[in-house]
There are 2 protein chains.
Amino acid sequence: MATINDVARAAGVSISTVSYALSGKRAIGAATRDRIDAAVAQLGYRPNAGARMLAGSRTNLLALSAPLHADTYAPAHMTFVLAIAEAAREFDYDTVLLVQDEAVNGLRRMVSSKLVDGIVLLDVDRDDNRVPLVRELDIPVTLVGIPADTAGLTCVDLDFEAAARLSVERLAALGHRQIGLIGHPLDLYARGSNFPIRFRDAFVEAAADKGVALHFVMPEQEPASVRAAVEELRQSLPEMTAVVLNANEPVHTMLLELLRSDGVSIPNDLSILSACSSFPTDMLDPPLDVIPLPALITGRRGVELTMHQLDGFSEPVVELVPPSYITRGSTSSVA
Amino acid sequence: MATINDVARAAGVSISTVSYALSGKRAIGAATRDRIDAAVAQLGYRPNAGARMLAGSRTNLLALSAPLHADTYAPAHMTFVLAIAEAAREFDYDTVLLVQDEAVNGLRRMVSSKLVDGIVLLDVDRDDNRVPLVRELDIPVTLVGIPADTAGLTCVDLDFEAAARLSVERLAALGHRQIGLIGHPLDLYARGSNFPIRFRDAFVEAAADKGVALHFVMPEQEPASVRAAVEELRQSLPEMTAVVLNANEPVHTMLLELLRSDGVSIPNDLSILSACSSFPTDMLDPPLDVIPLPALITGRRGVELTMHQLDGFSEPVVELVPPSYITRGSTSSVA
DNA sequence: GCGCATTATCGAAGCGCTTCGACAGTTCGA
DNA sequence: TCGAACTGTCGAAGCGCTTCGATAATGCGC
């Protein structure tokens with residue numbers, strides 16, 4: 001493997017000249033630069049990562065702390081991981097993946113061994129046990145998800161409260177007065193999971209504001225449970241004309257299948273809105289109106305905020321990505 | 001951050017003594033070692049990763065090449081990623097995640113910058129474009145999945161052919177003479193995807209061997225398509241008494257929901273077997289007999305084989321993990 | 001045509017670690 | 001009782017890079 005020395009020799013210059021030519025940190029004559037570039041290309045030179053880490057101030061490595069709870073919905077999670085790894089590459093960073101208990105225990109190791117320049121925390125719960133830890137870590141950290149206490153932390157997430165309000169407002173504007181809300185399984189809320197709770201609470205509040213009757217159910221991810229949930233909604237809201245889903249893809253599929261077999265027509269008999277979904281709802285049958293959870297945007301933003309801190313901007317920010325509403329024809333105004 | 005120098009000073013020894021004490025590569029007096037250990041603990045010393053990479057011969061970093069096709073089934077994929085990252089930790093390795101095009105292009109970068117000691121390739125297709133690349137990479141590589149030409153490569157995977165045979169044999173032994181096989185969506189086969197093809201072909205062969213009539217369908221992941229597939233099976237095999245699923249979890253759910261609404265009783269009317277599934281089938285309703293695709297075992301083995309190569313064992317191996325059959329009561333003998 | 005700022009390049013120090021060879025001090029068989 | 005063979009420890013070289021502080025060489029105003 002070629003070293004900077006080989007390049008310097010091949011180009012007939014000193015190694016510091018090569019280094020400056022490659023980093024651009026000092027001006028280099030055009031002719032010299034050309035010779036260096038040629039030597040680099042010819043030798044297939046690539047700086048040694050270890051040497052760069054040791055001598056320089058950056059490792060060009062980012063830690064991604066991605067714990068996985070038993071109830072983590074894999075496709076959504078994966079989208080975030082992808083978004084972050086890809087965004088990191090745009091800053092010439094690679095991603096070290098920390099899963100399971102390493103998502104917590106590995107962090108300190110990353111920092112004290114100076115392996116990474118920054119950390120992105122995925123799937124942050126309200127009372128996440130990583131939060132106290134990263135508070136004392138002297139390194140750029142960005143949380144994707146908003147914990148209960150954000151003091152001193154840089155966070156980014158979809159504005160779930162705004163998404164909930166947007167859901168209620170759109171449906172209320174269409175004349176719906178009784179709305180069913182299908183949430184995630186119960187234990188997710190019990191665990192203090194982040195956005196389902198924030199969404200639910202804001203939804204309840206917005207419904208009250210708009211004078212809309214609301215019933216909330218938390219089915220498990222299986223047909224029988226979804227069926228029971230729908231029965232419960234119908235019982236509790238006899239005039240229900242709209243349903244908002246804040247749930248996983250399988251629950252969407254199950255609900256639509258169930259409504260179809262019941263002969264319910266969408267949106268004529270029932271308006272449906274999928275809120276904070278991280279999967280495409282245009283493949284569903286029928287396609288659903290959606291307020292997307294933009295994993296790509298949020299994940300990328302998490303990386304950007306980390307890079308921003310690396311560039312010396314250290315005032316912590318809590319960034320809420322505003323929700324958007326995409327129409328697919330699954331809602332209509334009440335007759 | 002404490003350096004080895006600080007530790008040496010605190011323990012009153014030279015830095016080489018500290019290094020040897022920590023690596024165990026030379027004998028160190030018990031008393032000296034104790035003083036060093038105490039200093040390490042007290043200072044919270046952790047070797048600088050960059051320095052270690054530069055001076056030593058190992059980086060303790062593993063690259064995980066995980067491309068993601070549009071049709072990649074996230075939960076299964078995730079299980080592999082998890083298994084590999086966790087297994088790596090057991091060897092004191094961290095995992096650098098390469099996704100999308102980096103899964104291909106990043107490999108050369110990893111090697112020439114000496115960032116990683118080894119590579120694990122996930123989701124290897126029959127004619128994977130990473131295969132020619134890794135052939136010329138002078139670094140330990142293990143493929144999870146078996147490409148068409150394995151010459152010179154170390155690979156590991158479930159023995160899909162054996163799994164297919166096992167499926168047919170078990171059902172044939174129970175007296176089933178007409179078996180439906182529900183596979184993945186068509187484009188997966190068209191793309192030359194690895195194990196679905198190997199499974200299908202071996203299944204066809206085994207069925208012929210055992211004199212079992214077989215029909216093969218490839219539904220999309222949506223209820224209507226699954227329904228059509230089942231109709232096709234019934235049409236083609238009027239006496240069909242068993243169905244083997246080599247498909248994603250949603251297709252399982254859809255099939256079971258559909259059979260339930262048709263009043264089909266499992267296993268009385270129809271025996272069902274889930275083959276090469278990477279998700280738990282005991283949560284389904286009803287729980288299904290399964291030949292699991294053991295992501296944990298295969299993934300971990302991928303790491304182990306890489307470490308083995310690092311230890312100097314360089315003869316390439318193709319390792320096939322034998323399938324196992326787990327009974328959950330969804331199959332029975334033909335009346 | 002003189003000093004002065006600017007531009008292009010170089011040498012050397014040092015990042016924190018591993019590892020080789022040296023060397024006292026100890027043990028032990030002959 | 002003497003050298004051979006260990007044991008335990010140290011100093012120094014070097015891994016490949018970045019970066020600081022020279023040093024020429026050039027251009028500029030006056």
Side-chain angles (χ1 to χ4, degrees), chain A residues 1-37 39-40 43-61 92 94 109-117 310, chain B residues 1-37 39-40 43-61 92 94 109-117 310:
Chain A
M1 224 110 301
T3 73
I4 197 174
N5 230 305
D6 301 327
V7 176
R9 203 172 315 126
V13 296
S14 73
I15 63 166
S16 54
T17 303
V18 175
S19 180
Y20 284 124
L22 294 179
S23 71
K25 295 192 179 176
R26 279 196 190 177
I28 296 290
T32 312
R33 160 169 295 125
D34 287 348
R35 266 182 301 131
I36 291 175
D37 287 347
V40 166
L43 295 169
Y45 167 73
R46 195 102 45 152
N48 177 295
R52 220 222 273 257
M53 287 186 198
L54 180 58
S57 53
R58 299 237 175 143
T59 68
N60 282 42
L61 245 26
D92 197 29
D94 280 297
R109 193 162 47 81
M110 294 293 117
V111 174
S112 52
S113 70
K114 282 201 165 41
L115 214 214
V116 302
D117 293 334
L310 273 173
Chain B
M1 223 111 303
T3 73
I4 197 174
N5 230 306
D6 301 327
V7 175
R9 204 171 315 126
V13 297
S14 74
I15 64 165
S16 55
T17 302
V18 175
S19 181
Y20 285 123
L22 294 179
S23 72
K25 294 191 180 177
R26 279 196 190 176
I28 296 291
T32 312
R33 160 168 296 125
D34 288 348
R35 265 182 301 131
I36 292 175
D37 287 348
V40 165
L43 294 170
Y45 168 73
R46 196 103 45 155
N48 178 295
R52 219 222 273 257
M53 287 187 199
L54 180 57
S57 53
R58 299 234 176 145
T59 68
N60 282 39
L61 246 26
D92 198 28
D94 280 297
R109 193 162 48 79
M110 293 294 117
V111 174
S112 52
S113 69
K114 283 204 167 39
L115 215 215
V116 302
D117 293 334
L310 273 172

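We name chains A, B, ... by the order of the sequence lines, and we start the count at 1 in each one. Keep in mind that this is a model prediction, so the values were computed, not measured.
Under the side chain to side chain donor-acceptor pair (under 3.5 Å) criterion, B:N60 pairs with B:D92, not counting sequence neighbours. Scored by the salt bridge (charged side-chain N to carboxylate O under 4.0 Å, His left out) test, B:D94 finds A:R109, B:R89 as partners (sequence neighbours excluded).
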Protein-nucleotides 6-9 of chain D N/O pairs under 3.5 Å:
unit_1 : atom_1 : unit_2 : atom_2 : d
D:dT9  : OP1    : B:T32  : OG1    : 2.2
D:dT9  : OP2    : B:G29  : N      : 2.6
D:dT9  : OP2    : B:T32  : OG1    : 3.2
D:dT9  : O4     : B:R26  : NH1    : 2.8

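Applying the side-chain hydrogen bond (donor to acceptor under 3.5 Å, both in side chains) definition to pairs two or more places apart or across chains, those involving residues 8-19 of chain A are A:S14-A:S16, A:S14-A:T17. Evaluation of the salt bridge (Lys or Arg N to Asp or Glu O under 4.0 Å) test over residues 52-61 of chain B, restricted to residues two or more places apart or in two chains, returns B:R58-B:D311. Every pair tested for salt bridge (Lys or Arg N to Asp or Glu O under 4.0 Å) that includes a residue from residues 25-35 of chain A fails, sequence neighbours excluded, so the list is empty.
Taking CG of B:D37 as the start and OG1 of B:T32 as the end, the distance is 10.5 Å to the nearest 0.5 Å.
The minimum heavy-atom distance linking A:L22 with A:V40 is given by the pair CD2-CG2, 4.2 Å. Scanning both residues, B:I36 and B:V18, for their nearest heavy atoms gives CD1-CA, 4.0 Å. Nearest heavy-atom pair, B:L115 versus A:M53, reported as atom, atom and distance to 0.1 Å: CD2-CE, 4.0 Å.
An end-to-end axis angle of 30° holds for the helix from C:dG1-D:dC30 to C:dA30-D:dT1, taken from five base pairs per end and rounded to 10°.
From the 5' end on, the contacts that DNA chain C makes with chain A at under 4.0 Å to a non-hydrogen atom open and close at C:dA8 to C:dG16.
No side-chain heavy atom of A:I28 sits under 4.5 Å from any side-chain heavy atom of A:V13.
Non-hydrogen atoms lying under 4.0 Å from DNA chain D are contributed by B:L54, B:A55, all within residues 43-58 of chain B.
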Report, one line per pair, each donor and acceptor closer than 3.5 Å where one atom sits in a side chain of residues 43-51 of chain B; sequence neighbours left out.
unit_1 : atom_1 : unit_2 : atom_2 : d
B:R46  : NE     : A:S112 : OG     : 3.2
B:N48  : OD1    : B:G50  : N      : 2.8
B:N48  : OD1    : B:A51  : N      : 2.9

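Heavy atoms of A:T3 sit under 4.0 angstrom from primed sugar atoms or phosphate atoms, though from no base atom.
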